[in-house]
Peer 1: 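Would you mind keeping the following structure in view while I ask a few things?
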Amino acid sequence: MRHSGLISLLVSWLVVALVSGCSPEKSVGLTFSTWGSIDEIEILKPILEAFTRQSGIPVELVHIPQEYAHKLRLMVAGQTIPDVMFISNEALPGFAERGVFRDLGPLIAQDPAVRLADYYQQVLAAMTWKGKLYGIPRDLSNLVVFYNKQIFAQAKVPYPRAGWTFADLLRIAPRLTKPGERWAIGFQPNPLVWTPYVWSFGGDIVAADLSRCTLTEAPALAGLRFYVDLRNKYHYAPSDEEAGNARMTQLFATGKLAMFVYGRWAVPNFRKKITFPWDVAPFPRGPAGSIVDTDASGWAIAAASRRPAAAWQLVKFLGSRWSIEQFTKSGLIVPSRPDVASSPAFLANIPEHSHVFLDVIPQGRPTRVPVAYDEITWELIDELGPAWTGEVPIEEAVLPLCKRITALLREAS
Amino acid sequence: MKRVFSYAALLLGALACAAPFALLILTSLMTYQQTIAYPPEWLPRPLTLENYYQAFTTSPLLRYFGNSVLVAAATVSGQLAAGAMAGFAFARLRFGGRSVLFFLILATMMVPVQVNLVPLFALVARFGWVDSYWALIVPDLAGAFGVFLFRQWFLNLPQELEDAARIDGCNPWQFFWRIALPTALPAIATLGIFQFLASWNTFMWPLIVTNSDAIRTLPVGLAAFRASMHETTNWPLLMAATSVAIVPAIFVFLALQRFFLRGLMEGAVKG
């Protein structure tokens, strides 16, 4: 019968599938999880190979392209956690609080090969939770102003320089803006990008002790008001309609923005794709100074790792000068180590004033990361949407938002 | 006049369905510069195949492809075998607890996937199946939907057919295998397409249970083309890889379509 042929084909598929599916090779090496695009993995692979050559320890790379924290949480639940994990300062407290990571303090104390003085103290702080260091940092991530030199030259406006202020921004913005066509500055609803406005006006999102939301206080409101006015009152920044679906990186790369606030990670693409001259400058000064974030990411060891000594060897290797240099050369990161930051690996190549990323570190401030960081970030993005478009005054939008954030903070503590 | 309207409406509908595919293919043939141009450009100028070359050379796309085919073939086979046999039993055999059992199987359809995710992962991890084909295939070998579909199909078989088979000496298995199953081709095609597309497109589960490129399926592989965090995605490259990935889905749908459509209409009129 014709159908029995079909069925037996299906059954044989099944058998082949199951037989070929069995016995994956279990390596004796370390498992190491990381996120990152393909380009980033291409930088990482030779570093891991060099480690294996030197130490004889094979490393199995667990590349998690999306949903990194989600998968890590499941791996914790399933007791299949990798020995070494790449982790950001935003995700660190949630895991550290649950005892997922090993305290690196004792390992560092016994190991003369690692000197904490080799790293920026701010990135070490970002990798620390409740007084314990959980990660050897790879990079320092902060914000600067990217600017299009061509637009400034055409408008006969001098380039922004260290010490420039919010008043300067308002003064030059009209000359850089051509309504409907070109804008002085970008506008992003992402809290990462508008937090420097709040900080530089002397405000904050949450109190230093993480006990309550402080967005309703006068300095924070002044920062938010300044930011939202750039777009809705003065029209120096594009509206949602004007930006269309384009992101600010795209608008900037296509010459539609004179300036926008962003981080080092945009540099590899800008080097490849932007044809006009561009550079970076510090964020403008407000009443409280020019304060941007100091975020970081680095490598942590699982508390449950069965090979902590080998895991420590890997983390040390990844945090070494040579390894950090490899990541830095691509343009993707501000290195966690001053020795690499002051070398050509970071400073050669465009942007010309790369040292701006380093100059702003001393006034930088680590993002305050409570355990409920993810939930709070979602609230900030959702609830402020109507304020960014001008439907609701920002002063009104923050009232219910702040109550909810305070509730989330209390729940978590 | 009426005809003009209906043609216009159909044309509009067809355009709406085809537009995303057209955009996908067009973008895959563009340079990156062109995709970020503002105002947007629609036609590739110059036309380039570079993205396809890149898609195959920067990632093990063929390996992902093979894994996807293997997992889809295995789960489709399993779903068909389990669905047909269980559906037949629930429709044509009498046994104690039949209704309760059937209800329990149906009840599993009410549990959202997300609820199962953590316990299922914990179970698979305990079996030592993480990062193996077992984890991708075994949890998907049978499903309530297939059982339900085949049960409804076999309920509609005339009792006379079964009686005639009995008189000719068929036992229940022979009736199932020689008489009932051959009539169920539309149900086989329907479940086959559903399961194939579900398996081909599923993302979260393979992302969670696979760690290495050797085991990963296409959707997880494609995710690596998307930039992480705040970097900028190389859209034309992603679109080229996606274009390659959707070919089998379209092919399977077209090949089984005639059974599929018949299956939807079958039983609409009771004979």
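Keep in mind that what you see is a predicted model, and the values were worked out from it rather than measured. In what follows, chains are A, B, ... by sequence order, proteins preceding strands, each numbered from 1.
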Peer 1: Between A:Lys71 and B:Val209, which heavy-atom pair has the shortest distance, and what is it?
Peer 2: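 Heavy-atom minimum between the residues: NZ-N, 4.4 Å.
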Peer 1: Assess whether atom OH of B:Tyr53 is packed by more than 12 heavy atoms of other residues, nucleotides or ligands within 6.0 Å.
Peer 2: no
Peer 1: Looking at every non-hydrogen atom in both residues, tell me the closest pair between A:Pro65 and B:Arg216 and how far apart they are.
Peer 2: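 Taking every non-hydrogen atom into account, CD-NH1, 3.9 Å.
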Peer 1: Looking only at heavy atoms and a cut-off of under 4.5 Å, which of A:Ile41, A:Ile64, A:Leu74 has the most pairs with chain B?
Peer 2: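 The option with the most such pairs is A:Leu74.
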Peer 1: Taking the side chain as everything from C-beta on, heavy atoms only, tell me whether A:His70 gets closer than 4.5 Å to B:Leu207.
Peer 2: no
Peer 1: Can you tell me how far apart NE2 (A:His63) and CG (B:Asp213) are? Round to the nearest 0.5 Å.
Peer 2: 8.5 Å
Peer 1: Measure distances from A:Leu61 to the heavy atoms of chain B and classify the residue's part below 4.5 Å as side chain, backbone, both or neither.
Peer 2: backbone
Peer 1: Does B:Gln174 have more than 12 heavy atoms from other residues, nucleotides or ligands lying within 6.0 Å of its CD?
Peer 2: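 Yes, enclosed.
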Peer 1: If I take atom CG from residue B:Asp131 and atom OG1 from residue A:Thr80, how far apart are they, to the nearest 0.5 angstrom?
Peer 2: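 One finds 10.0 Å between CG of B:Asp131 and OG1 of A:Thr80.
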Peer 1: Of all heavy-atom pairs between A:Gly78 and B:Ala125, which one has the smallest distance, and what is that distance?
Peer 2: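 Closest approach of A:Gly78 to B:Ala125: O-CB, 3.3 Å.
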Peer 1: Tell me whether the count of non-hydrogen atoms from other residues, nucleotides or ligands lying under 6.0 Å of CZ in A:Arg271 goes above 12.
Peer 2: yes
